[in-house]
Amino acid sequence: MSGRRVAYVNGRFVRHADAAVHIEDRGYQFADGVYEVWAVFGGRLADAPGHFARLRRSLGELRIAEPMGEAALKIVLAETLRRNRIVDGLLYLQVNRGVAPRDHAFPDPGVKPSVIVTARAIDLAAGEAKAALGVAVISTPENRWGRCDIKTVGLLPNVLAKQAAREAGAVEAWFVDELGLVTEGASSNAWIVDADGVLRTRDIQANILRGVTRQSVLRLIGEAGLALDERPFTIAEAKAAREAFITGAGSLVLPVVRIDGAAVGDGAPGPVAKRLRTFYMAEARRLAA
Ligand code: PDD
């Protein structure tokens with residue numbers, strides 16, 4: 001299987017093992033680029049429109065030219081899935097400012113943006129088993145820049161936070177700002193069902209990524225008529241919550257059962273998180289495009 005893996009690199013499909021970018025690619029030199037990750041169900045993209053909209057926004061905020069129209073990009077993404085025979089998996093797209101002699105300011109005249117796409121299969125059954133048990137998170141001080149709303153490939157604080165989580169036997173790290181409030185996870189948005197039974201997650205005016213999965217889950221919460229308050233919470237509130245969970249293209253809706261070593265609720269995935277996971281999976285499959 002791995003022998004057949006292919007990647008899209010700047011206009012060509014190449015063997016994954018041979019896929020490479022130039023040493024003066026600005027993604028490599030400066031993390032001067034953006035990315036998106038889609039969950040893939042049945043060979044189709046989950047939450048496709050939300051990810052395309054955020055991609056456009058991220059590129060616009062960084063003044064990186066759109067490398068191709070959305071229709072053409074969709075063809076490239078679909079072709080990457082097809083050539084890799086992905087049924088259920090993850091699709092990764094990076095667009096960066098392109099290849100130019102190393103100079104911090106933008107290349108002038110501008111160069112063509114670099115575009116790379118990779119895809120990999122995921123084991124849905126293993127994901128379900130993980131969700132059935134729930135996962136642990138740790139907290140870590142927020143130390144990222146002020147534009148976490150842009151999905152840039154500059155992820156070093158996220159990398160270090162995730163590694164700290166792994167070393168603590170956890171799967172995610174929640175960043176906590178200077179007011180003691182959780183912003184989000186290293187690669188997911190953070191949620192609780194508080195002691196009063198109200199769903200809480202950070203609002204998007206805060207310095208967080210506007211998660212596409214978060215947005216879909218908000219819609220499902222509305223449809224289900226569950227109590228919601230987009231209001232931040234502290235780690236103490238999360239530990240005292242009935243439930244906690246994370247959302248993201250990688251985690252989907254994943255129950256959190258331990259925070260910094262303390263059990264949340266009875267230490268097992270809660271009913272609201274389980275229900276939202278089931279709803280989300282069904283809707284994401286139904287709407288996958
Ligand atoms: N991460 N917050 C951060 C910091 C993220 O990196 C992500 C996604 C999310 C969730 O966003 P969405 O629901 O749109 O996937 C929130 C991706 C999956 C990654 O870095 O692999």
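Keep in mind that what you see is a predicted model, and the values were worked out from it rather than measured. For the single chain, residues carry numbers from 1 onward in sequence order. Counting starts at 1 for both ligands and their atoms, following the listed order.
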Can you check which of [options] brings a heavy atom nearest to [atom]?
atom: atom 14 (O) of ligand 1; options: Ile208, Val212, Thr152; answer: Val212
atom: atom 7 (C) of ligand 1; options: Ser187, Gly50, Ala190, Gly248; answer: Ser187
atom: atom 16 (C) of ligand 1; options: Ala46, Gly211, Gly185, Ser188; answer: Ser188

Does Phe245 have Arg277 sitting over its ring (NZ/CZ under 6.0 Å from centre, angle to axis within 45°)? no

Residue-ligand contact [X]/ligand 1, heavy atom below 4.0 Å:
X: Gln215; value: no
X: Ala186; value: yes
X: Lys151; value: yes
X: His51; value: yes
X: Tyr92; value: no
X: Ala39; value: no

Minimal heavy-atom distance between Ala289 and Ala48, with the atoms involved, is CB-CB, 4.5 Å

Closest non-hydrogen atom pair between Tyr92 and Gln94, with its separation: OH-NE2, 3.0 Å

Any N/O pair [X]/ligand 1 closer than 3.5 Å:
X: Asn158; value: no
X: Arg210; value: no
X: Glu184; value: yes
X: Ala249; value: yes

Determine whether the side chains of Asn207 and Asp149 contain a donor N or O and an acceptor N or O closer than 3.5 Å. no

Please determine, by modelled atom types, if Trp191 and Thr247 share a side-chain donor-acceptor pair under 3.5 angstrom. yes

Between Thr213 and ligand 1, which part of the residue brings a heavy atom under 4.0 Å of the ligand: side chain, backbone, both or neither? both

A quick test of your reading: do over 12 heavy atoms of other residues, nucleotides or ligands sit less than 6.0 Å from CZ of Arg219? yes

Is the count of non-hydrogen atoms from other residues, nucleotides or ligands lying under 6.0 Å from Arg285 atom CZ greater than 12? yes

Nearest-contact summary for atom 20 (O) of ligand 1 - protein heavy atom, Å: Tyr35 OH, 2.6 Å

To which protein heavy atom is atom 21 (O) of ligand 1 closest, and what is the distance rounded to 0.1 Å? Val37 CG2, 3.6 Å

Please verify the inter-ring angle class for Tyr8 with Phe13; under 30° counts as parallel, over 60° as perpendicular, anything in between as tilted. perpendicular

Would you say the ring centers of Phe52 and Trp38 fall short of 6.0 Å from each other? yes

Under the salt bridge (Lys or Arg N to Asp or Glu O under 4.0 Å) test against Glu184, which residue among Arg210, Arg214, Arg144 passes? Arg144

